[in-house]
**Q** 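Got a structure for you, written out below as structure tokens; questions coming shortly.
Atoms within a ligand are numbered from 1 in the order they appear, just like the ligands themselves. All values reported here derive from a predicted model rather than from experimental measurement.
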Amino acid sequence: MPDLIERSADILARATSAVALTGAGISVESGIPPFRGKGGLWEKMDPMKVAHIDAFLEDPEGVWNLLIKDMKTVLDKARPNSGHTVLADLERLGILKTVITQNVDGLHQMAGNSDVIEFHGNFAWQRCLDCNRSIETSRVDLAQIPPRCRCGGILRPDCVFFGEMIPHEALIRSQKLSAACDVMLVIGTSAMVQPAATMPFIAKDNGAVIIEINPEPTPLTSRISNLPLLGNACSIMPRLAAAIRQRMPLPDNR
Ligand code: NAD
Ligand code: ZN
């Protein structure tokens, strides 16, 4: 493993158009449970019952009570961890161009990354099912479930539920950046949710080096990962940053 980290640092120190693809795993150590994997929400509930758009439209009260209310409580408190901050450092160094994330927690922006493509939207906003008005999630009153817009319409998170389309712009830009990157860092994603999971394949087909950080093997690990770094984001990312730092000066003003 130390050798894999050194080799990853060699490659990243020379990279100029790296892209990161992140999933729920990078935010686990910020206190946000993932869906799949150990301790994941899907051990407790059926995704199609709680995170499918049809389930929400059929029973908004039930989905708010089972999933969204708790998400709001957890996400309100969450702060970026060292996995997020190392990605912000890599952007400042001119190594990393863009973060493509499946997360809806806004932690990459909070850590300081300026170009973040949100595949599944952002939980920071709610949208009215009737008049389409947007309201900040932090300002939503949970006294009434489901919470309502001032027009009386039901509020929904501005996230992509199962059964909904990925925002077109996000998809097209991600495909282009994946095809053009020299390195793809795949961090904390089970690589099971499409179409995000195709991005590493696009990158690999176009000659990028795939560096994967995950405590468990994924469908990518044996198929396309050049450098699988087995471990948690907060353990691997600072070690990777330290190894890169030995190869080039890092700004010390953070
Ligand atoms: P996932 O839940 O399918 O998989 C999480 C992955 O993270 C697993 O492979 C697991 O092994 C790995 N992991 C667990 N702990 C880790 C750690 N400390 N460091 C690094 N990796 C770790 O995640 P997914 O593939 O992103 O798909 C689930 C979907 O659910 C996402 O598309 C997202 O929209 C949504 N989601 C978002 C959040 C969030 O915003 N933080 C949280 C849960 C789910
Ligand atoms: Zn409304």
Side-chain angles (χ1 to χ4, degrees), residues 20-45 47 50-52 67-68 70-72 74-75 77-84 86-87 99-110 116-124 126-135 137 140 146-162 164 166-167 170 185-200 212-221 225 228-238 240:
L21 173 70
T22 67
I26 196 170
S27 296
V28 164
E29 289 155 283
S30 290
I32 307 173
F35 280 177
R36 295 170 191 78
K38 276 192 216 104
L41 285 178
W42 292 167
E43 281 176 358
K44 287 181 247 163
M45 46 182 106
V50 288
H52 197 286
L67 181 71
I68 310 174
D70 286 352
M71 268 179 84
K72 174 169 158 49
V74 171
L75 264 56
K77 288 193 300 225
R79 292 294 169 267
N81 62 49
S82 55
H84 301 103
V86 167
L87 287 182
V99 178
I100 304 170
T101 190
Q102 301 165 82
N103 297 342
V104 297
D105 54 34
L107 294 181
H108 288 301
Q109 294 91 327
M110 216 187 279
V116 181
I117 299 177
E118 293 175 313
F119 243 62
H120 295 156
N122 194 310
F123 192 78
Q126 302 287 321
R127 189 151 39 87
C128 173
L129 285 182
D130 288 349
C131 75
N132 219 27
R133 192 194 315 268
S134 289
I135 299 169
T137 304
V140 167
R148 290 181 183 269
C149 170
R150 62 181 160 186
C151 82
I154 290 171
L155 293 177
R156 60 156 290 171
D158 210 2
C159 304
V160 177
F161 280 88
F162 286 116
E164 293 189 302
I166 304 292
L185 274 165
V186 184
I187 311 171
T189 176
S190 60
M192 312 263 262
V193 181
Q194 294 296 355
T198 60
M199 298 305 146
E212 189 186 18
I213 294 148
N214 199 307
E216 292 172 35
T218 73
L220 304 179
T221 312
S225 292
L229 309 180
L230 209 64
N232 291 341
C234 287
S235 131
I236 301 287
M237 293 300 283
L240 195 53

**Q** Within the distance-only criterion (no hydrogens, no angle test), does the side chain of Asn81 pair as donor or acceptor with the backbone N or O of Ile26 below 3.5 angstrom?
**A**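 Checking the backbone N and O of Ile26 against the side chain of Asn81, a donor-acceptor pair under 3.5 Å is found.
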**Q** Nearest 0.5 Å, please: how far is CE in Met237 from NE2 in His84?
**A**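 Answer rounded to 0.5 Å: 10.0 Å.
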**Q** Which bit of Cys159 is near ligand 1, meaning a heavy atom under 4.0 Å away: side chain, backbone, both or neither?
**A**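 For Cys159, there is no contact with ligand 1 at all, from either part.
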**Q** So which atom in Ala197 and which in Ala191 form the shortest heavy-atom distance, rounded to 0.1 Å?
**A**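 Ala197 and Ala191 have their closest heavy atoms at CB-O, 3.5 Å.
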**Q** Of all the atoms in ligand 1, which lie at a distance below 4.0 Å from a heavy atom belonging to Gly23?
**A**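 Listed by number with element: 26 (O).
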**Q** For ligand 1, which atoms, with element, lie under 4.0 Å from some heavy atom of Asn214?
**A**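 In order of number, 8 (C), 9 (O), 10 (C), 11 (O), 12 (C).
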**Q** Should you measure from each heavy atom of Asp105, which atoms of ligand 1 turn up under 4.0 Å away?
**A**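 That gives atoms 39 (C), 40 (O), 41 (N) of ligand 1.
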**Q** Below a 4.0 angstrom heavy-atom separation, can you tell me which part of Val193, side chain or backbone, both or neither, approaches ligand 1?
**A**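 Val193 to ligand 1: side-chain contact only, backbone stays beyond 4.0 Å.
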**Q** How does Gln102 reach ligand 1, by side chain, by backbone, by both or by neither, if only non-hydrogen atoms under 4.0 Å count?
**A**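 Both of them.
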**Q** Answer with yes or no whether Glu29 contacts ligand 1, where contact means a heavy atom under 4.0 Å from a ligand atom.
**A**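 So Glu29 counts as touching ligand 1.
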**Q** Would you say Ile26 has any N or O atom under 3.5 Å from an N or O of ligand 1, going by distance alone?
**A**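 There is no such contact.
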**Q** Taking only heavy atoms of Val104 into account, list the atoms of ligand 1 that are under 4.0 Å away from them.
**A**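 Under 4.0 Å from Val104, ligand 1 has these atoms: 39 (C), 40 (O).
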**Q** List the atom of Pro33, the atom of Val74, and the distance in Å for their closest heavy-atom pair.
**A**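 So the two residues come closest at CD-CG1, 4.3 Å.
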**Q** Number the atoms of ligand 1 from 1 as they appear, then name those within less than 4.0 Å of a heavy atom of Pro33, with their elements.
**A**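 Those qualifying, in numeric order: 42 (C), 43 (C).
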**Q** How does Ser27 reach ligand 1, if at all, at less than 4.0 Å between non-hydrogen atoms: by side chain, backbone, both, or neither?
**A**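 Answer for Ser27: side chain.
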**Q** Which angle, to the nearest 10 degrees, do you find at the Zn ion (ligand 2) between SG in Cys131 and SG in Cys151?
**A**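 The angle at the Zn ion (ligand 2) comes to 120°, rounded to the nearest 10°.
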**Q** Please state which part of Val28 comes within less than 4.0 Å of ligand 1, counting heavy atoms only: side chain, backbone, both or neither.
**A**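 The answer is the side chain.
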**Q** For the side chain of His120 and the backbone of Gln102, is there at least one donor-acceptor N/O pair under 3.5 Å apart?
**A**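 Confirmed, His120 side chain pairs with Gln102 backbone.
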**Q** When you measure from atom 21 (N) of ligand 1 to each heavy atom in Ala233, Pro215, Gly231, which option holds the nearest one?
**A**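 It is Pro215 that holds the nearest heavy atom.
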**Q** Hey, does the side chain of Thr101 reach the backbone of Glu118 with a donor-acceptor pair shorter than 3.5 angstrom?
**A**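 Not at all, since once roles are kept as given, no pair shorter than 3.5 Å links the two residues.
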**Q** For a quick test of reading the model, state the closest non-hydrogen atom pair linking Thr189 to Thr22 and the distance between them.
**A**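 Taking every non-hydrogen atom into account, CB-C, 4.5 Å.
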**Q** Would a distance-only check, ignoring hydrogens and angles, find a side-chain to backbone donor-acceptor pair under 3.5 Å from Asn232 to Cys234?
**A**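 Side chain of Asn232 to backbone of Cys234: no pair is present.
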**Q** If we set the cut-off at 4.0 Å for heavy atoms, which region of Asn103 has an atom near ligand 1: side chain, backbone, both, or neither?
**A**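 Under 4.0 Å from ligand 1, Asn103 contributes backbone and side-chain atoms.
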**Q** Mark up the atoms of ligand 1 that fall under 4.0 Å of a heavy atom belonging to Ser190, in ascending order.
**A**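 Listed by number with element, the hits are 1 (P), 3 (O), 4 (O), 6 (C), 9 (O), 25 (O).
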**Q** Can any side-chain N or O of Thr137 pair as donor or acceptor with the backbone N or O of Phe123 at less than 3.5 Å?
**A**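 Yes: the side chain of Thr137 pairs with the backbone of Phe123.
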**Q** Is a donor on one side and an acceptor on the other found under 3.5 Å between the side chain of Asn103 and the backbone of Ala24?
**A**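 Checked: pair present.
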